Amino acid sequence: MRVRTRFAPSPTGYLHIGGLRTALYAYLWAKKNGGDFILRIEDTDRNRLVEDACEIIYRTLKDTGLVYDEGPDVGGDYGPYIQSERKQLYIDTAKELVERGAAYYCFCTKERLQKLHEDAGGAAVKYDKHCLSLSKEEVERRIAAGEEYVIRQNIGTEGTAEYDDLVYGHISVPLADMEDQILLKSDGMPTYNLANVVDDHYMKISHVIRGMEYLSSTPKYNMLYDALGWERPVYIHLPPVMKDKTRKLSKRYGDASYEDFIGKGYLKEAVINYIALLGWNPGDNREIFTLEELTEAFDLKGISKSPSIFDNDKLTWMNAEYIRAMDDETFKKKAAPYVVSSVGEGFDLDIIAGLIKPRIETWNQIGEMIGFLRDLPEYDTSFFFNKKTKCTPEKSVDMLIAAKEELEKLRAFDVVSIHDSMIALAEKLEVKNGLLLWPLRIALSGQLVTPGGAIEIAALLGKEESIRRIDKALSMLS
RNA sequence: GGCCCCAUGGUCAAGCGGUCAAGACAUCGCCCUUUCACGGCGGUAACAGGAGUUCGAUUCUCCUUGGGGUCACCA
């Protein structure tokens with residue numbers, strides 16, 4: 001049997017991390033087995049449609065490398081891949097189900113259902129099968145009369161329904177707890193309950209990979225497969241990704257979409273790598289994986305049964321790992337826009353790249369890190385105190401005067417020249433490098449902490465600006 | 001509330017009857033060092049509780065507790 005998996009989101013907004021992970025696992029399982037990964041859009045709820053939602057889904061999957069073999073925008077042999085375009089198929093199937101006694105027409109009004117609820121004191125109540133007893137003639141008469149109707153699944157009340165899930169194992173649910181759910185809505189659109197079964201069957205989906213919220217309703221879908229004489233797919237339900245101990249990560253919190261993470265300066269490779277490991281482990285201690293390596297290593301055995309809390313710290317660490325592993329040219333190219341937007345053009349990108357590469361964890365940290373190059377921050381003369389180098393404001397004056405004199409003499413103002421000259425100066429003054437360089441760095445940057453030291457900063461600022469900042473410090477200290 | 005599922009450090013997690021209970025993130029300390037990072041080394045930190053089964057339970061069973069899911073003309 002050819003392995004075919006699908007990712008079937010509803011276009012209700014951006015793609016959140018939990019959904020992306022489901023897509024990832026479905027993709028990995030298909031590719032691991034040399035099969036097909038299909039994208040299907042579940043848009044049967046006309047009230048929840050969001051403009052551009054489909055585009056975001058297409059773009060995100062392509063951007064992350066989760067290339068689907070079949071889908072709305074790429075076609076395929078089992079289309080259409082948008083449910084609203086398959087309406088007739090669901091209607092026909094629903095009627096077939098009625099023929100076979102597995103479903104029935106229901107004319108109950110929303111008001112009646114509402115009342116059923118109220119009579120139960122607001123507690124959860126099952127539909128009372130009120131319309132199951134309607135005669136065929138009456139059904140036909142009422143349909144002809146233009147009455148609105150839905151089609152409900154006819155579920156027995158005795159015994160249990162069972163199936164085996166590849167991650168959760170044997171699942172057994174009492175039939176008495178299941179409701180005669182609606183398959184076809186009064187607007188002629190199917191509910192998920194019908195549509196997912198029909199589509200998975202006709203699209204020849206072999207493995208259904210989805211969130212575990214469907215764990216206990218899956219027996220109902222199985223009854224549909226059985227009633228239609230269709231072969232059931234294999235089920236792989238996934239535990240949810242949580243924001244914290246009790247809350248699921250979802251769109252409602254606004255910070256959980258793929259695009260938000262990219263916007264916050266994370267690399268797509270790191271995001272994919274991180275979420276792959278949220279709820280799955282390869283069985284060894286390896287943590288850094290490319291998509292190809294994930295495809296190779298992925299297996300069902302490593303999927304966890306319990307919810308995992310999304311840990312931003314770990315994602316950030318992983319992102320930093322990716323950044324540090326970049327070759328210098330790639331890093332420079334990626335960092336350039338962030339550097340320019342922070343300090344403008346005119347600074348030596350090679351030096352900056354070298355300084356920030358081991359120091360940033362996300363791209364967005366660049367701006368704050370190097371802003372001092374453009375504008376010298378207001379700072380306090382207490383910055384010139386440093387215990388380790390035994391630096392004081394008084395000594396700083398001497399050091400800065402000496403340093404300024406040397407720097408002014410320099411013809412080439414590059415890192416090597418400045419370095420040599422400062423080392424020589426420290427030797428001449430018979431002080432430790434640190435005592436000379438501490439006040440210099442403070443004067444040049446106005447910050448206690450900087451990426452790189454006094455020498456690199458001086459080279460970046462250039463001679464003129466360096467001297468100007470030293471003079472500023474000297475005037476503050478006098 | 002009924003039903004389904006889950007339960008190892010703060011987090012991700014390995015473990016699948018006998019281990020001093022891995023590893024990673026975070027955290028703390030030390031080293032490196034012209035600040036901060038990077039890097040290196042080390043520390044703190046867990047089997048939810050109670051009954052069984054067994055020579056022996058983190059591991060198997062049951063109960064309790066805790067958490068998640070579900071009970072829609074949403075998916």
Side-chain angles (χ1 to χ4, degrees), chain A residues 8-10 12 42-45 47-48 83 106 108 110 113 117 123-127 148-152 160 165 168-169 171-174 176-179 181-187 189-193 195-196 210-219 237 239-240 242 244-248 274 277-281 283-287 302 304-318 320 324 355-361 369 383 386 388-389 391 419 422-423 426 432-442 445 447-457:
Chain A
S10 51
T12 54
E42 310 219 329
D43 63 342
T44 57
D45 186 353
N47 302 318
R48 296 208 307 171
Q83 289 185 330
C106 172
C108 290
K110 296 220 169 90
L113 298 177
H117 240 90
V125 274
K126 286 169 58 179
Y127 175 62
E148 276 206 344
Y149 66 86
V150 300
I151 291 180
R152 287 181 182 272
T160 62
D165 180 89
Y168 286 96
I171 305 296
S172 163
V173 184
D177 292 328
M178 298 183 204
E179 181 172 39
Q181 61 187 355
I182 289 171
L183 299 177
L184 200 69
K185 300 187 264 191
S186 58
D187 65 357
M189 277 293 188
T191 58
Y192 175 86
N193 309 126
N196 93 84
R210 69 196 359 164
M212 66 156 281
E213 61 267 27
Y214 297 105
L215 204 57
S216 49
S217 52
T218 294
H237 286 100
M242 311 291 284
D244 54 42
K245 199 85 182 165
T246 60
R247 289 179 298 174
K248 198 170 160 179
Y274 176 68
L277 261 27
L278 240 204
W280 172 78
N281 82 83
D284 56 28
N285 284 329
R286 195 153 163 230
E287 297 204 283
S304 155
K305 289 182 184 178
S306 41
S308 331
I309 298 172
F310 189 95
D311 183 1
N312 221 302
D313 283 344
K314 184 130 188 184
L315 199 217
T316 301
W317 164 79
M318 191 170 276
R324 286 178 220 125
L355 294 182
I356 63 178
K357 190 173 155 193
R359 278 168 243 260
I360 60 165
E361 299 172 300
M369 191 169 281
F383 282 17
N386 180 261
K388 199 175 150 198
T389 58
C391 189
H419 175 267
M422 287 301 105
I423 297 304
K432 294 216 164 134
N433 292 345
L435 180 56
L436 172 65
L437 266 8
W438 176 271
L440 218 209
R441 193 177 57 83
I442 296 299
S445 70
Q447 293 183 173
L448 249 14
V449 169
T450 55
I455 292 160
E456 291 84 358
I457 294 170

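Quick note on labels: first sequence line is chain A, next is B, and so on, each numbered from 1. These numbers were taken from a predicted model, which means no experiment stands behind them.
Across the strands present, B:G39 finds its partner in B:C31; the criterion is a Watson-Crick or G-U wobble pair with both atom distances under 3.5 angstrom. Base pairing analysis places B:C16 opposite nothing; no Watson-Crick or G-U wobble pair with both distances below 3.5 Å involves it. B:A7 and B:U65 make up a base pair, with Watson-Crick or G-U wobble contacts both under 3.5 Å. Here B:U53 sits opposite no nucleotide as a Watson-Crick or G-U wobble pair (both hydrogen-bonding atom distances under 3.5 Å). For B:U44, there is no paired nucleotide, since no Watson-Crick or G-U wobble pair has both relevant distances below 3.5 Å.
The side chain of A:S216 has B:C4 as its nearest neighbour among B:C4, B:A75, B:G68. Relative to the side chain of A:L215, the nucleotides B:C38, B:C5, B:C36 differ in distance, and B:C5 lies closest. Closest to the A:M212 side chain, of the nucleotides B:A72, B:C6, B:G68, is B:G68. Of the candidate nucleotides B:U11, B:G69, B:C73, B:C73 has the atom lying nearest to any side-chain atom of A:V150. The side chain of A:L113 sits closest to B:C73 out of B:C73, B:C74, B:U11. Nearest nucleotide to the side chain of A:R152, out of B:C73, B:U11, B:A26: B:C73. Across B:G68, B:C74, B:A37, the shortest atom-to-atom separation from the side chain of A:P358 is found for B:A37. Listed nucleotides B:C6, B:G69, B:C38 differ in distance to A:Y168; the shortest reach to its side chain belongs to B:C6. Which of B:C12, B:A37, B:A26 sits closest to the side chain of A:L278 comes down to B:C12. Of the candidate nucleotides B:C25, B:C36, B:C5, B:C25 has the atom nearest to the side chain of A:W317.
Nucleotides B:U11 and B:G49 have their P atoms positioned 15 Å apart, rounded to a whole Å. Atom P of B:G50 sits at a distance of 26 Å from the matching atom of B:A13, rounded to the whole Å. B:U53 and B:A45 have their C1' atoms separated by 32 Å, given to the nearest Å. When the P atom is used for both B:G29 and B:C36, the distance is 13 Å, rounded to whole Å. Nucleotides B:A7 and B:A48 have their P atoms positioned 10 Å apart, rounded to a whole Å. Between B:U61 and B:A21, the distance separating the two C1' atoms is 23 Å to the nearest Å. One P atom belongs to B:C28, the other to B:G2, and the distance between them is 45 Å to the nearest Å. Taking atom P in both B:C16 and B:G1, one finds a spacing of 37 Å when rounded to whole Å.
Across all strands, A:I182 comes closer than 4.0 Å to base atoms (heavy-atom distances). If you check every strand for non-hydrogen atoms under 4.0 Å, A:Y274 touches nothing. If you check every strand for non-hydrogen atoms under 4.0 Å, A:M189 touches nothing. Residue contacts for A:S186: at a heavy-atom cut-off of 4.0 Å it reaches a base atom on one of the strands shown. The residue A:T44 sits close only to the backbone: its heavy atoms come under 4.0 Å of sugar-phosphate atoms, none of a base. As judged by a 4.0 angstrom heavy-atom cut-off over every strand, A:I356 is placed among residues making no nucleic acid contact. A:D177 comes within contact range of the sugar-phosphate backbone alone, with a heavy-atom separation under 4.0 Å but no base atom that close. Within 4.0 Å of A:K357, counting heavy atoms only, lies no atom of the nucleic acid at all. Across all strands shown, A:S172 has heavy atoms under 4.0 Å from sugar-phosphate atoms exclusively, and none from any base.
Residue A:K185 places at least one side-chain N or O closer than 4.0 Å to OP1 or OP2 of B:A75. For the pair A:K388 and B:U35, the criterion of a side-chain N or O lying under 4.0 Å from OP1 or OP2 is met. In terms of phosphate contacts, A:N281 brings no side-chain nitrogen or oxygen within less than 4.0 Å of OP1 or OP2 of B:A13. Considering only side-chain N and O atoms, A:S308 lies under 4.0 angstrom from the phosphate OP1 or OP2 of B:A13. Applying the 4.0 Å criterion to OP1 and OP2 of B:A24, one finds that A:R286 has every side-chain N and O outside that range. Between A:K305 and B:C6 there is a side-chain polar atom (N or O) within less than 4.0 angstrom of OP1 or OP2.
Mapped onto RNA chain B by nearest heavy atom, A:D311 and A:Y192 fall at different nucleotides, with A:D311 at the one closer to the 5' end. Comparing A:G283 and A:N386 by the nucleotide of RNA chain B that holds the closest heavy atom to each, the one mapping nearer the 5' end is A:G283.
With hydrogens and angles disregarded, a donor-acceptor distance shorter than 3.5 Å links the side chain of A:T191 to the backbone of A:I182. For A:S445 (side chain) and A:Q447 (main-chain N/O), a donor-acceptor pair under 3.5 Å exists by modelled atom type. A donor-acceptor pair under 3.5 Å links the side-chain atoms of A:K126 to the main chain of A:M178, judged by distance alone. A:K185 places a side-chain N or O within 3.5 Å of a backbone atom of A:T44 that can act as its donor or acceptor partner. A:R441 places a side-chain N or O within 3.5 Å of a backbone atom of A:L448 that can act as its donor or acceptor partner.
B:A37 atom C1' lies 12 Å from atom CD of A:E456, rounded to whole Å. Rounding to whole angstrom units, CD of residue A:E148 and C1' of B:C73 are separated by 9 Å. Rounding to whole angstrom units, CH2 of residue A:W438 and C1' of B:U33 are separated by 13 Å. The distance between atom CG of A:N193 and atom P of B:U70, rounded to the nearest whole Å, is 13 Å. We find that CZ of A:F310 is positioned 15 Å from C1' of B:A26, with the value rounded to whole Å. Rounded to whole Å, atom C1' of B:A13 lies 12 Å from atom CE of A:M318. Taking atom CD1 of residue A:I151 and atom C1' of nucleotide B:A72, one finds them 18 Å apart after rounding to whole Å. Counting to the nearest Å, the C1' atom of B:C74 and the CG atom of A:D187 are 13 Å from each other.
Heavy atoms of other residues, nucleotides or ligands lying less than 6.0 angstrom from NZ of A:K432 number 12 at most.
To the nearest 0.5 Å, atom OG of residue A:S217 and atom CD of residue A:E179 are 12.5 Å apart. Of the inter-residue distances, the one linking A:I309 atom CD1 with A:L278 atom CG reads 10.0 Å to the nearest 0.5 angstrom. In this structure, CG on A:L277 lies 12.0 Å from CG on A:D311, to the nearest 0.5 angstrom.
A donor-acceptor contact under 3.5 angstrom links the side-chain atoms of A:R441 to the base of B:U35. Judged by distance alone, with hydrogens and angles left aside, A:K314 brings no side-chain donor or acceptor close enough to the base of B:A26 to form a pair under 3.5 Å.
Relative ring orientation between A:Y192 and A:Y214 is described as parallel, the plane-to-plane angle staying below 30° on a 0-90° scale split at 30° and 60°.
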